[in-house]
Trainee: 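Attaching a single structure in structure tokens format; questions to follow.
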There are 4 protein chains.
Amino acid sequence: MIRRPRAARAKAPHPRDDGAGQPSDRLEILLGKAARLMAKEGYHHTSMRDVARDASCSLAGLYHYFSSKEDLLFQVQHRVFASLLAAQEQSLKAPGPLEERLRLLVQNHLSFFTRHAAELKVCTFELESLSGASYRRVEELRRRYYRLVADLVGELATRSGAAPSDVEVRRLTLFVFGILNWIFMWFDPARDTPIETLGDEIVNLVLYGLCGQRATTDAGQKSTALGLAG
Amino acid sequence: MIRRPRAARAKAPHPRDDGAGQPSDRLEILLGKAARLMAKEGYHHTSMRDVARDASCSLAGLYHYFSSKEDLLFQVQHRVFASLLAAQEQSLKAPGPLEERLRLLVQNHLSFFTRHAAELKVCTFELESLSGASYRRVEELRRRYYRLVADLVGELATRSGAAPSDVEVRRLTLFVFGILNWIFMWFDPARDTPIETLGDEIVNLVLYGLCGQRATTDAGQKSTALGLAG
Amino acid sequence: MIRRPRAARAKAPHPRDDGAGQPSDRLEILLGKAARLMAKEGYHHTSMRDVARDASCSLAGLYHYFSSKEDLLFQVQHRVFASLLAAQEQSLKAPGPLEERLRLLVQNHLSFFTRHAAELKVCTFELESLSGASYRRVEELRRRYYRLVADLVGELATRSGAAPSDVEVRRLTLFVFGILNWIFMWFDPARDTPIETLGDEIVNLVLYGLCGQRATTDAGQKSTALGLAG
Amino acid sequence: MIRRPRAARAKAPHPRDDGAGQPSDRLEILLGKAARLMAKEGYHHTSMRDVARDASCSLAGLYHYFSSKEDLLFQVQHRVFASLLAAQEQSLKAPGPLEERLRLLVQNHLSFFTRHAAELKVCTFELESLSGASYRRVEELRRRYYRLVADLVGELATRSGAAPSDVEVRRLTLFVFGILNWIFMWFDPARDTPIETLGDEIVNLVLYGLCGQRATTDAGQKSTALGLAG
DNA sequence: AATGAATGAGGTTTCATTCAT
DNA sequence: CATGAATGAAACCTCATTCAT
């Protein structure tokens, strides 16, 4: 049932193509449309017909780009997740205070979320719909993303004198992911922008809790003030 | 010679359609089996045939208890969610310090989770698969559950001097729900019991954050110690 | 945490849904086979499986041509009824004595009947099985056919000095339709051909009744004579 | 598939029962409800569940009165058709002028129609839904009803000097049945009462046609006048 | 007499996928 | 590249009917 995802195909020269071997516009559009449908309706509830219809192409035409429905899901997930991971790894390479690194990580995540909400939601909730090699390849990306966050959480918890076990760090990390991933379920641009505010609130909760004193940076104050108006 | 088209035939209400009938052993078993399948595979990926096979009854036999697949989902959700809500409302009636109330709420939630993981997961992730009246009835329960938590979060945040807006309270509450609901995705009895430990960790994070000092109650210490061994 | 229920997914219009596409051999065959089955067994008693089997195509293959069973019925009805109506309207455009116009109308009807008995029977007895837009589109054709006959009947009744009311004309017209439509129930080519004889008998009854003297045209006499041999 | 219709069952004494062995009230009600549904939706489109629901009795309960769905149809048809036939045979026993006998026959038919429209419609349009012995028993009744009308039509046609063949008489008779049976398709109490008017119009058309002179009896005139107001 | 529970067969429709063109 | 046509499998659901109570 599982097909190898088709390797990046050589493209005939085309006026709109810059010739650098980067994927075709058409593919991008298809992936975007598919992601939106799958984010809205779920993978199983989205049919290849739906995707074809939404992209105004024929059903058979889809199979030029994706060897199967699962391959389509894989490509949606892999493309966007790899991109998010690269951005985070790049961004966290630079040293800095732990709190600032956490803030950066959260802001990157949210910023990516606002630009690729559908794709990211599909990455988050439809991993189990893959199988075999596709599953493993995306799982690997997810593991790396997890590690990024877990390392930071572990350092923060250690520094505060808690001497947490690996099991405790794992759970704290998963709490943070819970906060981030659940955003897909309620985010409303009319109420929840700017995302800087949202990010500050998350960071503050994670660092200091409901009872702790807030670290009110300038950015934090400003965006919180805006948040009050929302 | 001209006639009006025949009206859509009125469908009689299904005998067990109201979601509030008195319990029947057979019905209980069916709901449990269905919940487990749906929790594992998702609502859309679970077929009525799967449920019938799992419950060793005929496909048509299912339709004695549920007027449709959606009705089955509704009954699964309504029964367990109503039960959770009743337990929480009962439990939170008693007065007490805010922290303790939060701890109680989280422990109730986790305790219910361990006893009805499948049903609760279905409640959490498949609300959107309902529609019409079924949707609204479960939505109402969910709203009440949300209010329970939101009130507590609001009081905690207010008491710590933050004077949070409604919008901020909403988001803080949804962060807490994110932590709780994401547990479905990673909970592993081999690593994550006893749940008292898990509950304490959640409460500590929510109240004091990664950087704050933990309020280590006796219960908390004991279960954390056990947790370290897990 | 609260979301609106997902809207019913918009269904794309079926490629051949408009009932006016250009003819395709395969489509013609399918319509013919379906009409025969439905005329023989009734619409509700004819299953899509039956049609597919009879046409030696797969069940799913049918749905390339018809978006639903009702659409199949609609296309059967619309195609043949539009054709009959066009033929009659064309034929009655030419002026002539009222009696001759009635004779022409009846002969056209019977001639069409012998060529498309199954389709016409489906048009006559299964209008109520349509609904919505399909119903209205066929109803409009039926109304126009009714008007054609009603105008003729009205003029004939008026000319004979009866000064009939609209209500009376309506009923007289419906009597004529009763005669014509009931033919589906008893017509037997072994006994009831040639149809010219049948047509003359109908016209004579309608014009002069059982007690009136027959207007025996040459054509009438000749075909009656043949009828006697049948 | 065909069961012998259950013989008239002995009834336990019951206060509301007159003890004369006539069928139970309950049976009457069931037959009436079933007839109405089948007349409206067609035999195949009416399920036993529909009947049970409409009669507020259990599905299994129906099978105490009818051995099968086909038996239900048979009983509906047989009971009412036998009754109509008996009434007509009784009524036509008395001698009288041919025209008056025809008028009597039509009025009886219409009178029965207004009292038992649903049942009569089922008799008329669902004979083919029976099979085997049920079919043959109702067919026999239908044949006798046909003969009643055919004899009258034959005498009328013969008396007017036409010397019609058997084949011609058969067709003329079937024309008359067409008029009568098609009434089910358009009768509207708001427009088409009193039925005496309707009966007179039918008789006039059959006897004298559109071009013949009307026999305006007192009854005819009166009811036609009322018809004009409709 | 009456019914709740149960079922095998079959209904319409949709699905992912293939293939000749 | 692109597509219309086609299909086997499987989806949800309803049917007439039976049977223990």
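Remember, it's a predicted structure, so these values are computed and weren't measured experimentally. First the proteins, then the strands, lettered A, B, ... as listed; each starts at 1.
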Trainee: Whole-Å distance between F:dC12 C1' and B:H44 NE2?
Mentor: 13 Å
Trainee: Do C:S47 and C:D50 have side-chain atoms, one donor and one acceptor, less than 3.5 Å apart?
Mentor: yes
Trainee: Find the distance A:F66:CZ to E:dT18:C1' and express it as a whole number of Å.
Mentor: 18 Å
Trainee: Any chance you could measure A:D54, atom CG, to A:L37, atom CG, to the nearest 0.5 Å?
Mentor: 4.5 Å
Trainee: Mind calculating the distance between CG (D:L37) and C1' (F:dA16) to the nearest angstrom?
Mentor: 16 Å
Trainee: Using a 3.5 Å limit on both distances, find every run of at least three consecutive Watson-Crick or G-U pairs that involves DNA chain E.
Mentor: E:2-21 with F:2-21
Trainee: Check every atom of F:dT3, F:dG8, F:dT17 against the side chain of C:S58 and return the nucleotide holding the closest atom.
Mentor: F:dG8
Trainee: Does the Lys NZ or Arg CZ of C:K69 fall within the cation-pi geometry relative to C:F74 - under 6.0 Å from the ring centre and within 45° of the axis?
Mentor: no
Trainee: Quickly work out the D:Y65 OH to F:dA16 P distance and round it to whole Å.
Mentor: 19 Å
Trainee: Whole angstroms only, please: what is the CE-P distance between C:M48 and F:dT14?
Mentor: 19 Å
Trainee: Taking side chain as C-beta onward, heavy atoms only, is A:L30 less than 4.5 Å from A:F66?
Mentor: yes
Trainee: With DNA chain F as reference, determine whether C:C57 or D:L59 sits nearer its 5' end, using the nearest nucleotide of each.
Mentor: C:C57
Trainee: Looking at F:dC13, I'd like to know if its phosphate oxygens (OP1 or OP2) sit under 4.0 Å from a side-chain N or O belonging to B:R49.
Mentor: no
Trainee: Looking at B:E119 and B:R36, is any side-chain nitrogen of the basic one under 4.0 Å from a carboxylate oxygen of the acidic one?
Mentor: no
Trainee: May I have the distance from D:H45 (atom NE2) to E:dG11 (atom C1'), rounded to whole angstrom?
Mentor: 12 Å
Trainee: Select one nucleotide: of E:dT13, F:dT3, E:dA6, the one nearest the side-chain heavy atoms of A:H64.
Mentor: F:dT3
Trainee: Regarding B:S129 and B:E70, is there a side-chain donor-to-acceptor distance under 3.5 Å anywhere?
Mentor: no
Trainee: Indicate yes or no: does A:R79 engage A:E28 in a salt bridge with an N to O separation below 4.0 Å.
Mentor: yes
Trainee: Send over the distance from A:Y63 OH to F:dA6 C1', rounded to a whole Å.
Mentor: 14 Å
Trainee: Starting at atom CG of D:L62, determine the distance to atom P of E:dA1, rounded to an integer number of angstrom.
Mentor: 14 Å
Trainee: Among F:dG8, E:dA16, F:dA16, which is the nearest nucleotide to the side chain of A:K69?
Mentor: E:dA16
Trainee: Does B:R26 make a side-chain N or O approach to OP1 or OP2 of E:dA6 shorter than 4.0 Å?
Mentor: yes
Trainee: Where the side chain of C:A60 is defined as all heavy atoms beyond and including C-beta, which of E:dT18, E:dC15, E:dT7 is the nearest nucleotide?
Mentor: E:dC15
